[in-house]
Amino acid sequence: MFNRFFGQKPQEDPDDKNQGPAQERAGDAPSRPEQQSPQRFGFLNRTRQLFSRMSEVVEETDLITDEMWDDLEESLLAADVGPSTTIWLIERLRRRAEDEHMRTGAQVQRALREELVMLLGDPSPLRLSQRSPLTVILVIGVNGSGKTTSIAKMAHRLSREGRQVMLAAADTFRAAAIDQLKEWGQRVSVPVISQQPNADPGAVVYDAIQAAQSRGSDVLIVDTAGRLHTKYNLMEELKKINKVIQKFIPDGPHELLIVIDATTGQNALLQARKFAEDIGLTGVIISKLDSTAKGGFAFAVADDLGVPIKFIATGEKVENLIPFDPQSFVAALFTQE
């Protein structure tokens with residue numbers, strides 16, 4: 001467990017090999033991302049317009065030309081796919097075009113869709129513990145990323161799925177963070193365990209686990225690390241929390257998610273990389289992915305951090321949290337209005 005959260009990218013547990021992509025409690029239906037129609041991705045209109053630029057070139061010439069490659073690269077960069085990911089995609093597509101003897105831009109476009117889906121990976125639902133009655137999810141993210149709101153949305157979603165959810169306000173260094181989580185807890189009818197500002201985050205988690213177990217909760221979501229501070233302090237804080245969790249739940253924590261603000265694009269990715277370098281993240285929540293953001297950012301996240309995208313948050317309402325389905329997401333980008 002320590003290797004999974006500190007120093008290595010998440011690996012599939014040996015005991016999970018026959019459990020599918022998520023751990024489900026015995027008797028529960030698998031919690032998998034629902035199939036989503038392109039119409040559900042209306043917030044991607046801005047990005048869809050950027051991706052359609054290549055389609056227009058294909059319709060005009062239907063030939064593979066240097067101009068087509070240049071236009072494709074420009075479109076990917078404009079959609080905030082990111083320089084390194086864009087370069088990798090272009091090189092990959094050029095090799096495929098040569099190896100597969102492609103002749104038309106339409107063939108390249110189909111290959112691009114395939115590469116984008118593969119880049120995002122398979123759908124990755126939340127890991128729900130099968131060994132323990134209580135699943136513990138840690139959430140980190142910089143101030144202003146939408147972390148607390150995303151936690152509330154996730155709690156609301158899990159509650160509607162029949163889970164008994166509790167929240168822990170372990171981001172104790174800002175009084176506002178505690179108050180905000182408590183306010184959201186009231187809105188979504190989920191209890192919040194908290195202490196005074198500047199309290200030991202480990203003590204908050206200790207109280208929260210005891211409360212969750214005594215009240216028969218299924219899921220405990222811990223709000224923590226809501227600031228950019230030194231890597232050492234972040235590691236030490238999470239190690240303490242990890243020890244507290246494992247004292248009660250040996251196979252926990254089951255998820256360590258980071259919330260990234262899509263509207264800040266590549267800058268947010270640089271911040272996330274600082275968290276991810278020595279902390280084995282298990283997933284990402286992309287917040288604020290509405291009409292003002294560029295959806296291509298999702299590909300940069302998947303490529304750069306190497307962990308699955310669990311959810312995308314698309315608005316202010318508690319319902320605006322969608323389990324991430326790569327195939328539906330890519331299909332929506334290429335859907336013509």
Side-chain angles (χ1 to χ4, degrees), residues 1-2 4-5 13 15-16 19 22-31 125-140 147-175 177-226 237-257 282-283 285 310 318 321:
M1 180 61 64
F2 240 62
R4 173 146 64 87
F5 286 108
D13 292 340
D15 293 342
D16 297 338
Q19 298 296 329
Q23 294 176 312
E24 283 92 24
R25 197 168 288 112
D28 286 342
S31 177
L126 287 175
R127 298 169 59 92
L128 300 175
S129 178
Q130 189 176 22
R131 304 169 191 168
S132 168
L134 180 64
T135 294
V136 181
I137 300 171
L138 302 184
V139 184
I140 64 175
K147 174 172 60 76
T148 306
T149 306
S150 296
I151 288 172
K153 292 176 180 178
M154 184 164 47
H156 176 72
R157 184 176 187 89
L158 288 168
S159 296
R160 294 193 64 179
E161 292 174 355
R163 305 285 177 183
Q164 299 297 317
V165 184
M166 181 175 289
L167 305 180
D171 184 1
T172 61
F173 291 88
R174 285 192 314 128
I178 300 173
D179 293 340
Q180 185 183 14
L181 189 68
K182 292 167 69 175
E183 180 179 345
W184 272 111
Q186 292 179 347
R187 291 188 192 180
V188 299
S189 301
V190 170
V192 178
I193 303 301
S194 65
Q195 293 188 13
Q196 294 300 314
N198 297 314
D200 178 12
V204 176
V205 175
Y206 181 94
D207 289 348
I209 291 177
Q210 288 196 319
Q213 291 179 329
S214 65
R215 300 182 195 180
S217 297
D218 301 309
V219 180
L220 174 64
I221 305 176
V222 181
D223 180 14
T224 187
E237 179 179 306
L238 290 177
K239 284 179 181 179
K240 289 180 181 178
I241 291 175
N242 201 72
K243 288 180 180 179
V244 171
I245 293 171
Q246 292 186 349
K247 180 178 180 180
F248 295 94
I249 306 169
D251 67 320
H254 306 96
E255 292 275 17
L256 177 54
L257 308 179
T282 63
I285 300 174
K310 300 282 185 173
V318 292
L321 187 74

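All figures in this text were calculated on a predicted structure; none of them were measured in a lab.
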Just how far is it from atom [atom1] of [X] to atom [atom2] of [Y], taken to the nearest 0.5 Å?
X      : Y      : atom1 : atom2 : value
Leu126 : Lys310 : CG    : NZ    : 6.0 Å
Leu158 : Met166 : CG    : CE    : 14.0 Å
Arg163 : Ile221 : CZ    : CD1   : 11.5 Å
Asp223 : Leu167 : CG    : CG    : 8.5 Å

Who are the salt bridge (Lys or Arg N to Asp or Glu O under 4.0 Å) partners of Arg187, not counting sequence neighbours?
->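 Result, salt bridge (Lys or Arg N to Asp or Glu O under 4.0 Å) vs Arg187: Glu183.
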
Minimum heavy-atom separation for [X] and [Y], please, with both atom names.
X      : Y      : value
Thr224 : Glu237 : OG1-OE2, 2.9 Å
Ile209 : Val244 : CD1-O, 4.2 Å
Ser129 : Asp251 : OG-OD2, 2.8 Å
Gln213 : Leu134 : CG-CD2, 4.3 Å
Arg127 : Glu255 : N-OE2, 2.8 Å
Arg157 : Leu321 : NH1-O, 3.3 Å

Which pairs with one or both residues in residues 151-172 pass ring-ring contact (aromatic ring centres under 6.0 Å, His included), sequence neighbours excluded?
->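 Sorted result for residues 151-172: empty, none.
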
Under 3.5 Å, which donor-acceptor pairs do the side chains of residues 188-208 form with other protein atoms, sequence neighbours left out?
residue, atom, partner, partner atom, Å
Gln195, NE2, Asp207, OD2, 2.7
Asp200, OD1, Gly202, N, 3.1
Tyr206, OH, Gln210, NE2, 3.4

Short question: side chain of Thr135, backbone of Val219 - any donor-acceptor pair under 3.5 Å?
->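 No.
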
Is there a side-chain contact between Met154 and Leu257, using heavy atoms and a 4.5 Å cut-off?
->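 They are in side-chain contact.
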
Check each of Ile285, Ile137, Asp171, Leu181 against Ile151 using the side chain to side chain contact (heavy atoms under 4.5 Å, CB included) test, and report the only one that passes.
->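 Testing each of Ile285, Ile137, Asp171, Leu181 against Ile151, the sole residue satisfying side chain to side chain contact (heavy atoms under 4.5 Å, CB included) is Leu181.
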
